[in-house]
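Let me begin by presenting the structure, written as structure tokens, before commenting on it.
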Amino acid sequence: MVAVTLRALSEDDFPALATWVQAEHVQEWWRDDGSLDAVREQYGPCVTGIDPTEVFVIVSGGEDLGIVQRYRVAAHSEWRDTLERTGLALPDAAGLDYLIGVPSRIGQGIGTEAVARCSALTFADWLDIERIVVTPQAANRASCRVLEHAGYALRWTGQLESSDPSDFGPSALYVLERPSA
């Protein structure tokens, strides 16, 4: 197991985040504008608390490598509606997104450990959350393997009805249920 810690994203991290989002292996799936201005616009409200999404920097070996973010699905009505159209009942769910932005560090188990840590933290911090859902592109086999290795189960595949460019093409919906006590 690789050692990973998570720390809250700050404005000082925006230049690195912009670089990570612009990385070719990230852009293939993430598809966000990676300019520094776009990163400030998208993530600034998360840092200040205006947007309830919590973003953490993934750190391993003393190096900042990417991000993992979590959010309550209910706080994002458009996304909640998109998930409901899959036919799955997902009340009291959290969502999670992640990226490893340093190409030389992908494929080393860092993503799996970051997802596992953030998932455990989410269940510990948000007692009303019963499950966590993640929707990578079905063709993004590396991301799907990360989720499978972190204990997530594939529950649905298909085209999400979403305006987000990252949801273009078939998606895989993975779920991690709250561990029983």
Query - Min side-chain heavy-atom separation Leu36-Phe14 under 4.5 Å - result: yes

Requested in this report: I would like to know whether Glu24 and Glu28 meet side chain to side chain contact (heavy atoms under 4.5 Å, CB included); could you show each step before the answer?
Outcome: CA-CA 6 Å; Glu24 185 177 334; Glu28 182 176 2; over 6 Å; no

Under 4.5 Å between side-chain heavy atoms, hopping through other hydrophobics if needed: is there a path connecting [X] to [Y]?
X: Phe56; Y: Ile100; value: yes
X: Leu96; Y: Val175; value: no
X: Val146; Y: Val55; value: yes
X: Leu99; Y: Leu121; value: yes
X: Leu154; Y: Tyr152; value: yes

Query raised in the report: Do Glu148 and Tyr174 meet the criterion of a side-chain donor-acceptor pair at a distance under 3.5 Å?
Result: yes

Query - Full working for side chain to side chain donor-acceptor pair (under 3.5 Å) between Asp51 and Thr53 - result: CA-CA 6 Å; Asp51 182 324; Thr53 301; 2.9 Å; yes

Closest approach of [X] and [Y], non-hydrogen atoms and distance?
X: Pro179; Y: Phe123; answer: CD-CD1, 3.7 Å
X: Pro15; Y: Asp12; answer: CD-O, 3.5 Å
X: Ser119; Y: Leu176; answer: CB-CD2, 3.7 Å
X: Ala23; Y: Gly101; answer: CB-O, 3.9 Å
X: Glu161; Y: Arg85; answer: O-NH2, 2.9 Å
X: Arg131; Y: Ile129; answer: O-CG2, 3.2 Å

Query raised in the report: Which is it for Glu78 and Ser162 under the side chain to side chain donor-acceptor pair (under 3.5 Å) test, yes or no, and what are the steps along the way?
Result: CA-CA 8 Å; Glu78 186 177 327; Ser162 168; 5.8 Å; no

Query raised in the report: Is it true that Arg70 and Asp97 have a side-chain N and a carboxylate O under 4.0 angstrom from each other?
Result: no

Query raised in the report: Between Glu54 and Arg72, is there a salt bridge with N-O shorter than 4.0 Å?
Result: no

Taking atom [atom1] of [X] and atom [atom2] of [Y], what is their separation to the nearest 0.5 Å?
X: His25; Y: Asn140; atom1: NE2; atom2: CG; value: 10.0 Å
X: Trp20; Y: Trp30; atom1: CH2; atom2: CH2; value: 11.0 Å
X: Gln159; Y: Ser171; atom1: CD; atom2: OG; value: 6.5 Å
X: Arg80; Y: Glu84; atom1: CZ; atom2: CD; value: 5.5 Å
X: Leu65; Y: Gln108; atom1: CG; atom2: CD; value: 8.5 Å
X: Leu173; Y: Leu90; atom1: CG; atom2: CG; value: 6.0 Å

Report task. Before giving the answer on salt bridge (charged side-chain N to carboxylate O under 4.0 Å, His left out), spell out for Arg105 and Asp64 the whole-Å C-alpha distance, their side-chain angles and the decisive distance to 0.1 Å. Result -> CA-CA 11 Å; Arg105 300 300 300 272; Asp64 296 344; over 6 Å; no

Treating [X] as the side-chain partner and [Y] as the backbone partner, does any N or O pair qualify as donor plus acceptor under 3.5 Å?
X: Glu11; Y: Val47; answer: no
X: Ser60; Y: Ala3; answer: yes
X: Thr112; Y: Gly109; answer: no

Query raised in the report: Picking from Asp33, Asp32, Asp37, what satisfies side-chain hydrogen bond (donor to acceptor under 3.5 Å, both in side chains) with Ser35?
Result: Asp33

Report task. Would you kindly check if the NZ (Lys) or CZ (Arg) of Arg178 is within the cone defined by 45 degrees around the ring axis of Trp126 and under 6.0 Å from the six-membered ring centre? Result -> no

Query raised in the report: For Leu9 and Tyr43, what are the C-alpha separation, side-chain angles and deciding distance, and is it a side chain to side chain contact (heavy atoms under 4.5 Å, CB included)?
Result: CA-CA 9 Å; Leu9 180 75; Tyr43 293 95; 4.0 Å; yes

**Report entry** side chain to side chain contact (heavy atoms under 4.5 Å, CB included) assessment of Asp13 paired with Arg7
**Finding:** CA-CA 11 Å; Asp13 297 311; Arg7 66 170 175 77; 2.8 Å; yes

